[in-house]
Amino acid sequence: MEQLDFFDVPSPCVGCCQVNNRGYCKGCYRSRDERFYWQQMTADQKIKVIKLCRQRYVRIMRRKQKQNNPQEADAQSPQQPFIFDDFEKGGV
């Protein structure tokens, strides 16, 4: 038994229950089924849902940033720079 099994995973609900155009809650980013079946889910299932919610949040925020500042969003890469970039450019 893992340590997480001793504690209940709290609901990510923030009390802003409105649905976006894709069917996800604008407050917690859960789908209708994820909200409806939350109480019946196991701790592992709840943790997986929370990870999905984080991914949805990041995706939506990137999309909003790209819409507001298209040039700035393209300049920022979500990936870390390649470890040998400096070496190939003659540095280090």
Between side-chain atoms of residues 13-28 and protein atoms elsewhere (two or more places apart, or another chain), which donor-acceptor pairs fall under 3.5 Å?
residue, atom, partner, partner atom, Å
Asn20, OD1, Arg22, N, 2.9
Asn20, OD1, Gly23, N, 3.0
Asn20, OD1, Tyr24, N, 2.9

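- The salt bridge (Lys or Arg N to Asp or Glu O under 4.0 Å) contacts involving residues 46-55 comprise Asp8-Lys46, where partners must be two or more places apart or lie in separate chains.
- To the nearest 0.5 Å, atom CD of residue Gln39 and atom CE of residue Met41 are 10.0 Å apart.
- Within the structure, ring-ring contact (aromatic ring centres under 6.0 Å, His included) pairs that include any residue of residues 25-62 comprise Tyr29-Tyr57 (at least two apart or interchain).
- Of the possible polar contacts, one joining the Glu34 side chain to the Ser31 backbone as a donor-acceptor pair under 3.5 Å is found.
- For Arg35, the side chain to side chain donor-acceptor pair (under 3.5 Å) criterion is met by no residue, not counting sequence neighbours.
- Here the CD1 atom belonging to Ile47 is positioned 12.5 Å from the CG atom belonging to Leu52, to the nearest 0.5 angstrom.
- The salt bridge (charged side-chain N to carboxylate O under 4.0 Å, His left out) search around Arg30 returns none, not counting sequence neighbours.
- Distance check, rounded to the nearest 0.5 Å: CE of Met61 to CZ of Arg63 gives 9.5 Å.
- Ile50 approaches Pro12 most closely through the heavy-atom pair CG1-CG, 4.4 Å.
- No side-chain heavy atom of Gln45 sits less than 4.5 Å from a side-chain heavy atom of Val9.
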